[in-house]
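Indexing begins at 1, ligand by ligand and atom by atom, following the structure's order.
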Amino acid sequence: MLKTAQDLIRRAGERLGLTPGDIEYLLKTEAEHEFEIELTDGKRFKAFRTQHNSVLGPYKGGIRFHPEVGAEEVRALATLMSIKTAAVGLPLGGGKGGVAVNPREISREELEELSRKYVAGLIEHIGPDKDIPAPDVNTDSRVIDWMVAEYEKLTGDKTKASFTGKSIENGGSLGREAATGHGGVIVLREVLEELGDSAQPITMAIQGFGNVGSYFGEIAEKDHPNWRLVAATDSSGGVYSPNGLDAKETDKFKRENGRLAEYKIAGARTITNDELINTEVDVLVLAALGDVITEHNMDTVRARYILELANGPISEKAYDYLIQKGIIIIPDVLANAGGVVVSYLEWLQNKAGEHWPEARITQELEQYLTAATRHIFKRAVQDKISPTEAAISIAIERILKVRDSRRQQR
Ligand code: GLU
């Protein structure tokens with residue numbers, strides 16, 4: 001994933017005529033923190049936080065708890081965060097963190113201790129004006145609340161602006177939990193409109209029916225009755241139903257039973273994740289993990305659009321192949337930016353000591369993502385480049401502009 005992210009930035013930079021020095025500047029990370037967390041029962045885990053670029057503002061980005069977390073992946077994800085915040089016009093930089101752990105294999109007490117020790121290990125490097133972490137894969141408001149409590153204990157800060165994605169009772173924002181999925185719906189709607197494809201009904205398949213994928217499915221179902229969800233999977237597999245799946249019911253089953261492969265409903269059949277990727281649909285929604293479409297399965301894709309709700313779900317080879325086939329990839333840095341947009345709104349509310357109504361959050365989310373989508377897709381058409389390259393180009397121009405104006409002021 002790191003090579004893919006870096007190569008895409010390098011290519012965009014070369015096309016923009018940047019100097020090798022500027023390209024290097026965009027690729028390098030400003031700081032990388034790696035440490036070991038030891039729990040009182042002796043279990044040890046590797047922990048990471050990478051701070052990629054802070055020219056536009058404090059570092060911002062999630063923390064994931066996943067057995068496959070490693071230095072390279074975190075570096076790739078931090079780089080994507082800098083591009084994401086810049087591409088959608090937020091005054092924030094990019095960072096990412098993680099712990100190499102399977103949270104399902106540890107107890108609630110161990111999870112809390114791990115979350116708190118993660119903060120203690122980074123205390124010098126994070127904070128409301130330095131680096132503001134948030135949830136990511138397998139982390140939620142419960143984990144973030146523990147982290148904020150530890151941050152408060154160690155620093156005395158009472159603003160709650162040190163982390164976003166908190167529970168509502170603890171200074172979180174309305175709409176944050178649903179924000180990434182909600183943002184995906186807004187972006188897809190805008191893309192279909194921008195490309196003159198919004199009048200027809202569309203079919204969709206969602207890979208990764210977790211927090212992001214299920215909110216996407218449910219909000220799409222509510223806001224767009226002519227978008228039909230025909231397939232959904234989680235890591236166990238899932239279901240295909242040509243007549244349509246009810247996203248709310250599917251989510252209910254998933255919450256109560258855990259595994260979508262066991263979901264049995266009339267008119268539907270069980271499918272694997274490979275079959276989901278191979279489903280003939282208008283929009284394939286990738287909401288699971290990174291590198292799920294690679295050279296090994298890229299030729300099985302039969303969708304017209306791919307919405308990247310996960311970070312880095314398509315490898316470089318697959319990206320080139322799919323673009324060449326004319327498939328429209330709606331890039332992660334735009335498609336899943338709803339999460340960080342509402343994180344930014346949460347941070348603003350904490351800083352101002354305010355709590356905004358949900359309608360205001362939705363309105364601001366709409367504004368950011370509509371403007372960003374139009375800007376990116378217009379640029380793609382104008383420069384005859386992919387939306388991914390357009391988003392990266394816009395982002396790196398913004399970063400370099402601010403960096404250069406600062407240099408001149410010195
Ligand atoms: N983890 C999310 C992302 O990858 C959200 C980051 C944030 O809210 O800071 O964009």
Visitor: At a 4.0 Å threshold, what atoms of ligand 1 neighbour a non-hydrogen atom of Gly61?
Guide: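 Within the 4.0 Å cut-off of Gly61, ligand 1 contributes 6 (C), 9 (O).
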Visitor: Could you check atom 1 (N) of ligand 1 against the protein and tell me its nearest heavy-atom contact, residue, atom and distance included?
Guide: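 Checked against all protein heavy atoms, atom 1 (N) of ligand 1 sits closest to Asp136 OD1, 2.7 Å.
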Visitor: What protein heavy atom lies closest to atom 4 (O) of ligand 1? Include the residue and the distance to one decimal.
Guide: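 Ranked first by proximity to atom 4 (O) of ligand 1 is Lys96 NZ, 2.9 Å.
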Visitor: Would Met147 and Ile63 count as a side-chain contact (heavy atoms from CB on, under 4.5 Å) if you check the C-alpha gap in whole Å, the side-chain angles of each, and the deciding distance to 0.1 Å?
Guide: CA-CA 11 Å; Met147 292 189 171; Ile63 299 164; 3.6 Å; yes
Visitor: Please determine if Asn336 has a nitrogen or oxygen closer than 3.5 Å to a nitrogen or oxygen of ligand 1.
Guide: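 Min N/O separation from ligand 1 is not below 3.5 Å for Asn336.
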Visitor: How close does the nearest protein non-hydrogen atom get to atom 9 (O) of ligand 1, and which residue and atom is it?
Guide: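 Minimum-distance protein heavy atom for atom 9 (O) of ligand 1 reads Lys60 NZ, 2.8 Å.
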Visitor: Would you say Glu34 has more than 12 foreign heavy atoms packed within less than 6.0 Å of its CD?
Guide: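 More than 12 heavy atoms, drawn from other residues, nucleotides or ligands, come within 6.0 Å of this atom.
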Visitor: Any idea which protein heavy atom is nearest atom 5 (C) of ligand 1, and the distance to it?
Guide: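 Sorting protein heavy atoms by distance from atom 5 (C) of ligand 1 puts Arg176 NH2, 3.6 Å first.
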Visitor: What are the atoms of ligand 1, with element, lying closer than 4.0 Å to any heavy atom of Gly339?
Guide: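 Going through ligand 1 atom by atom, the ones under 4.0 Å from Gly339 are 8 (O).
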Visitor: Going by the order shown, which atoms of ligand 1 are within less than 4.0 Å of some heavy atom of Met81?
Guide: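 Within the 4.0 Å cut-off of Met81, ligand 1 contributes 3 (C), 4 (O), 6 (C), 10 (O).
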Visitor: Which protein non-hydrogen atom lies closest to atom 7 (C) of ligand 1, naming both residue and atom, and how far is it?
Guide: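 Nearest neighbour among protein heavy atoms for atom 7 (C) of ligand 1, to 0.1 Å: Ala134 CB, 3.3 Å.
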Visitor: Among all protein heavy atoms, pick the one closest to atom 8 (O) of ligand 1 and tell me residue, atom and distance.
Guide: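 Going by distance alone, atom 8 (O) of ligand 1 is nearest to Ser343 OG, 2.5 Å.
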Visitor: For the side chain of Asp332 and the backbone of Gly312, is there at least one donor-acceptor N/O pair under 3.5 Å apart?
Guide: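 Looks like yes, one N/O pair under 3.5 Å.
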Visitor: Between Arg64 and ligand 1, which part of the residue brings a heavy atom under 4.0 Å of the ligand: side chain, backbone, both or neither?
Guide: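 Under 4.0 Å from ligand 1, Arg64 contributes no heavy atoms.
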Visitor: Write out the residue and atom name of the closest protein heavy atom to atom 6 (C) of ligand 1, then the distance separating them to 0.1 Å.
Guide: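 The closest one turns out to be Gly62 N, 3.7 Å.
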Visitor: Would you please classify the geometry between the Tyr344 ring and the Tyr368 ring as parallel, tilted or perpendicular, with 30° and 60° separating the classes?
Guide: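 Perpendicular: the ring planes of Tyr368 and Tyr344 meet at over 60°.
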Visitor: Does atom NZ (Lys46) have a neighbourhood of more than 12 heavy atoms from anything else shown, all under 6.0 Å?
Guide: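 Open.
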Visitor: Check this for me: Lys317, atom NZ, are more than 12 non-hydrogen atoms of other residues, nucleotides or ligands nearer than 6.0 Å?
Guide: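 No, because the 6.0 Å sphere around NZ of Lys317 holds 12 heavy atoms or fewer from other groups.
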Visitor: Counting heavy atoms only, which part of Val342 comes closer than 4.0 Å to ligand 1: side chain, backbone, both or neither?
Guide: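 No part of Val342 comes within reach of ligand 1.
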Visitor: Judged by atom type as modelled, is there a donor-acceptor pair below 3.5 Å linking the side chain of Asn336 to the main-chain atoms of Thr180?
Guide: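 No, because the side chain of Asn336 does not come within donor-acceptor range (under 3.5 Å) of the backbone of Thr180.
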Visitor: Could a heavy atom of Pro135 be found less than 4.0 Å from some atom of ligand 1?
Guide: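 Distance cut 4.0 Å: Pro135 passes for ligand 1.
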Visitor: Check this for me - ligand 1, Ile132, N or O atoms closer than 3.5 angstrom, yes or no?
Guide: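 For ligand 1, there is no N or O atom that lies under 3.5 Å from one belonging to Ile132.
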Visitor: Checking Arg302 side chain against Val281 main chain: does a donor-acceptor pair fall under 3.5 Å?
Guide: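 No, the answer is negative, given that no donor and acceptor are paired below the 3.5 Å cut-off.
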Visitor: With a 6.0 Å cut-off (strictly less than), is the heavy-atom count around NZ of Lys43, excluding the residue itself, greater than 12?
Guide: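 More than 12 heavy atoms, drawn from other residues, nucleotides or ligands, come within 6.0 Å of this atom.
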Visitor: Can a non-hydrogen atom of Lys84 be found less than 4.0 Å from any atom of ligand 1?
Guide: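 True for this residue.
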Visitor: Could you check whether the rings of Trp227 and His224 sit parallel, tilted or perpendicular, using 30° and 60° as the cut-offs?
Guide: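 Rings of Trp227 and His224: parallel, as their planes differ by under 30°.
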